[in-house]
Amino acid sequence: MTSPRLRFAPSPTGYLHIGGVRTALFNWLWARKTGGAFILRIEDTDQERSTAESRQVILDSLKWLGIDWDEGPEVGGPNGPYSQMERLSVYKEHAERLIAERKAFRCYCTKAELDAQREALKKKDPKAQFKYPGTCRNRTDQPDLPYVVRFMVDREGSITYTDKVFGEVKTPNIEQQDFVLVRSDGVPLYNFGAVVDDITMGVTLVARGRDHMINTPPQIMLYQAFGAKVPDFAHLPMMLNQKGEKLSKRDGAVGVFEYRDAGYAPDAVLNYLARFGWSHGDQEIFSKKDLIEAFSWEACGRGDGKFDTKKFLAINHEHLKTERLLSADEYATRVLPFLAQRGLPEVTKEDVARALYTIRERARTFVEAADMLDYFFRAEPAMDAKAVEKFLVTDAAPRLRGFRDALASAEWTEADLEAKAHAYLEKEGIQIKDVAQPARVALTGRTASPGLYQVLFVLGRDASLGRLTKAIEIAEAR
RNA sequence: GGCCCCAUCGUCUAGCGGUUAGGACAUCGGCCUCUCACGCCGGUAACGCGGGUUCGAUUCCCGCUGGGGUCGCCA
């Protein structure tokens with residue numbers, strides 16, 4: 001068997017949403033697993049809604065996710081161009097061919113006429129299904145009027161195909177009508193453009209969302225009309241919102257960049273999306289490499305699912321915690337922009353690398369990580385008013401002083417810091433908890449942080465002693 | 001409504017005739033503990049209904065119910 005050729009064909013009419021990413025991902029995984037080709041094609045024939053910005057967002061989204069394409073925009077390839085509006089001549093040629101073979105015809109009916117017919121039928125029988133009545137099927141004249149090209153559908157029999165996830169799917173041809181191939185402005189419609197492109201680009205497996213299942217029979221008719229080999233099809237169950245409806249902008253964060261901006265790691269996004277509608281035994285956590293190795297169409301489920309933001313967050317947390325899934329080096333690189341956003345543009349990767357271990361298992365997103373790292377990189381920590389109020393009280397001053405003085409003689413390793421602190425506590429006969437919270441507030445400005453000795457160690461001697469001194473002053477002043 | 005598709009804990013899912021129906025997220029207890037986390041231990045929680053087939057159905061078949069998709073000169 002030759003290597004499969006797959007494609008992802010988004011229309012640039014908005015951001016790349018999470019469902020589209022999953023479709024792209026499954027195609028990409030299969031291409032990478034099998035050594036096949038992954039083609040990116042831009043279906044921009046809806047000139048009303050397509051924009052250059054959207055096209056760029058889609059490209060950038062895929063790049064951010066690490067989903068690369070072998071043929072398509074920017075990288076080119078032997079079957080280009082890869083934007084449909086640049087392929088108009090190809091469609092025209094194919095449409096002319098079908099017309100010449102009497103498999104398609106020019107239709108001069110206007111939208112208004114057809115709408116009127118539809119209305120009339122509905123009036124007579126509200127339940128009736130309006131189908132194009134074949135008005136122009138046998139017209140031989142070619143008036144100087146706008147026309148669309150329609151496919152001449154044989155409404156006998158049925159179309160059957162074997163879906164790689166749903167199995168055999170059979171649809172009676174009587175359901176079809178003479179569907180439009182090319183608009184009156186010469187631009188192809190979805191079914192025609194997609195099929196012509198898939199044929200000319202040599203696509204052998206079409207994997208897309210289940211919402212496209214309805215398009216498969218007419219598309220197969222087109223392959224047959226062209227005498228082309230019908231590709232394999234794989235439809236994916238849908239991702240629904242929490243209410244069980246088709247995901248839409250109204251559902252909040254559905255654009256990939258919203259997750260990027262919320263501090264998600266690209267591989268975690270891929271992990272969550274892959275496990276949605278696909279499984280591999282009990283395994284929940286996958287690196288990108290794991291995914292490529294394990295993926296198969298047979299293991300795809302058929303039931304639609306509801307998007308679960310909590311699980312998505314948990315998967316991201318798992319990735320941020322795990323070195324195998326996200327190296328400390330990459331972590332540092334990715335958290336930098338979020339620190340800059342907080343007004344810490346001078347922080348370097350090395351700075352982050354030193355402090356990272358203290359927060360690694362705590363931060364669920366890079367946004368949280370930046371927040372947890374914040375006080376390490378400021379001359380003075382931002383003091384939480386409530387924390388000060390509660391812990392930097394007058395009584396705390398002497399203990400903080402003793403604690404600070406005990407630490408001053410430490411070697412400034414976590415172990416020695418702890419040893420010196422313990423010696424002090426023992427001498428005074430007090431518990432660590434009697435001094436820990438005031439000290440924590442002094443050092444970090446907050447009531448929750450990594451372990452005290454870790455914070456002291458990362459902060460360094462000068463900053464630590466300075467912050468403790470400052471806190472003692474605050475406490476004494478109350 | 002027509003056509004197509006689907007159906008295991010709240011959610012994502014494992015299961016491919018015989019299981020105490022498993023895992024993960026969430027949730028509820030507990031342990032650990034200088035706070036917050038992490039980690040660990042434990043609990044609650046599912047086969048939509050009705051017929052078949054079979055010695056035996058969550059699993060195979062049919063019907064019902066429920067849900068979703070789609071019915072454009074959008075994709």
Side-chain angles (χ1 to χ4, degrees), chain A residues 9-13 43-46 48-50 84 107 109-111 114-115 118 126-131 146-150 163 166-167 169-172 174-177 179-185 187-191 193-194 208-217 235 237-238 240 242 244-246 272 275-285 299 301-315 317-318 321 358-364 368 372 387 391 418 421 425 431-441 444 446-453 455:
Chain A
S11 62
T13 52
E43 305 208 331
D44 52 357
T45 54
D46 182 346
E48 299 279 302
R49 297 191 300 147
S50 295
Q84 291 192 318
C107 173
C109 299
T110 64
K111 182 103 162 67
L114 261 13
D115 285 346
R118 192 190 319 269
K127 288 184 199 144
Q129 301 291 305
F130 177 76
K131 305 273 190 208
Y147 63 86
V148 299
V149 177
R150 283 181 186 275
D163 192 284
F166 285 96
V169 181
K170 183 175 178 179
T171 310
I174 192 76
E175 285 305 310
Q176 309 301 336
Q177 60 176 332
F179 57 90
V180 175
L181 264 26
V182 185
R183 271 183 278 236
S184 52
D185 61 2
V187 178
L189 241 36
Y190 171 70
N191 276 333
R208 73 237 292 203
R210 186 171 66 74
D211 48 338
H212 280 290
M213 228 168 183
I214 197 85
N215 292 314
T216 307
H235 290 95
M238 314 224 44
L240 275 16
Q242 258 112 346
E245 307 160 324
K246 194 170 176 176
Y272 176 72
R275 272 293 284 100
F276 197 103
W278 171 81
S279 62
H280 187 62
D282 283 341
Q283 190 174 346
E284 298 283 348
I285 301 303
R302 283 151 307 179
D304 294 338
K306 294 175 187 167
F307 191 74
D308 183 355
T309 52
K310 290 237 187 77
K311 179 136 188 180
F312 194 2
L313 216 212
I315 297 280
H317 189 191
E318 195 60 38
K321 278 190 301 190
T358 67
I359 60 120
R360 186 113 200 211
E361 64 202 13
R362 292 161 215 268
R364 295 178 300 177
E368 288 185 357
M372 292 175 183
F391 291 107
E418 185 164 2
L425 295 171
Q431 301 288 308
I432 178 67
K433 63 171 181 284
D434 297 329
V435 69
Q437 282 307 74
R440 171 166 288 111
V441 174
T444 70
R446 28 234 246 192
T447 53
S449 83
L452 221 42
Y453 307 112
V455 172

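A note on names: the letters A, B, ... follow the listed sequences, proteins ahead of strands, and every chain is numbered from 1. Worth knowing before you read on, the calculation uses all heavy atoms, side chains too, and leaves out hydrogens, waters and symmetry mates.
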What's the gap between [N] and [M] when it is taken at their [atom1] atoms, as a whole Å value?
{"N": "B:rA14", "M": "B:rG50", "atom1": "P", "value": "25 Å"}
{"N": "B:rU58", "M": "B:rC73", "atom1": "C1'", "value": "49 Å"}
{"N": "B:rC49", "M": "B:rA37", "atom1": "C1'", "value": "46 Å"}
{"N": "B:rG42", "M": "B:rA7", "atom1": "C1'", "value": "32 Å"}
{"N": "B:rG15", "M": "B:rU65", "atom1": "C1'", "value": "25 Å"}
{"N": "B:rG52", "M": "B:rG72", "atom1": "P", "value": "43 Å"}
{"N": "B:rC41", "M": "B:rA26", "atom1": "P", "value": "16 Å"}
{"N": "B:rA21", "M": "B:rU13", "atom1": "C1'", "value": "13 Å"}

- Message: Please confirm whether the shortest side-chain N or O distance from A:K170 to OP1 or OP2 of B:rC3 is below 4.0 Å.
- Response: no
Pairing residues for [X] by the salt bridge (Lys or Arg N to Asp or Glu O under 4.0 Å) criterion, not counting sequence neighbours:
{"X": "A:D434", "value": "none"}
{"X": "A:K111", "value": "A:D115"}
{"X": "A:D304", "value": "A:R210"}
{"X": "A:E368", "value": "A:R364"}

- Closest to the side chain of A:P172, out of B:rC38, B:rC5, B:rC3, is B:rC3
Side chain [X], main chain [Y], donor-acceptor under 3.5 Å:
{"X": "A:D44", "Y": "A:S50", "answer": "no"}
{"X": "A:H280", "Y": "A:A299", "answer": "no"}
{"X": "A:Q431", "Y": "A:K433", "answer": "no"}
{"X": "A:T444", "Y": "A:R446", "answer": "yes"}

With a 4.0 Å cut-off on heavy atoms, is [X] in touch with a base, just the backbone sugar-phosphate, or nothing at all?
{"X": "A:H317", "result": "sugar-phosphate"}
{"X": "A:T447", "result": "base"}
{"X": "A:S449", "result": "base"}

Between [atom2] on [N] and [atom1] on [X], what's the gap in Å once rounded to a whole number?
{"X": "A:W278", "N": "B:rA14", "atom1": "CH2", "atom2": "C1'", "value": "13 Å"}
{"X": "A:R446", "N": "B:rA37", "atom1": "CZ", "atom2": "P", "value": "14 Å"}
{"X": "A:R360", "N": "B:rG39", "atom1": "CZ", "atom2": "P", "value": "13 Å"}
{"X": "A:R208", "N": "B:rC5", "atom1": "CZ", "atom2": "P", "value": "15 Å"}
{"X": "A:D434", "N": "B:rU35", "atom1": "CG", "atom2": "P", "value": "12 Å"}

Give none if [N] has no partner; otherwise give the nucleotide forming a Watson-Crick or G-U wobble pair with it, both distances under 3.5 Å.
{"N": "B:rA7", "result": "B:rU65"}
{"N": "B:rG72", "result": "none"}
{"N": "B:rA37", "result": "none"}
{"N": "B:rU27", "result": "B:rG43"}
{"N": "B:rC16", "result": "none"}

So, using ring-ring contact (aromatic ring centres under 6.0 Å, His included) as the criterion, who are the partners of [X] when residues are at least two apart?
{"X": "A:Y147", "result": "A:Y108"}
{"X": "A:F307", "result": "A:Y272, A:F312"}
{"X": "A:Y190", "result": "A:H212"}

- Assign a letter to each nucleotide of nucleotides 57-75 of chain B from its 5' end: B, base within under 4.0 Å of a protein heavy atom; S, sugar-phosphate only; -, no contact. -----------BBSBSBBB
- In B/S/- notation, 5' to 3', how is nucleotides 22-34 of chain B contacted by protein heavy atoms closer than 4.0 Å? BBBSS-------B
- Query: For A:R440, what residues pass the side chain to side chain donor-acceptor pair (under 3.5 Å) criterion, not counting sequence neighbours?
  - Reply: A:Q437, A:S449
- Does A:R183 have any side chain to side chain donor-acceptor pair (under 3.5 Å) partners at least two apart in sequence or in another chain, and if so, which? none
Protein and nucleotides 41-44 of chain B: nitrogen or oxygen contacts under 3.5 angstrom:
none

- Message: Assuming nearest nucleotide by heavy-atom distance, tell me which of A:E175 and A:F276 is located more 5' along RNA chain B.
- Response: A:E175
- Nearest-nucleotide check on RNA chain B, A:G301 vs A:F166; residue mapping nearer the 5' end is A:F166
- Minimal non-hydrogen separation, A:E43 against A:P12, with atom names: O-CD, 3.4 Å
- When only distance counts, do a donor and an acceptor, one from the side chain of A:R362 and one from the base of B:rC36, lie under 3.5 Å apart? yes
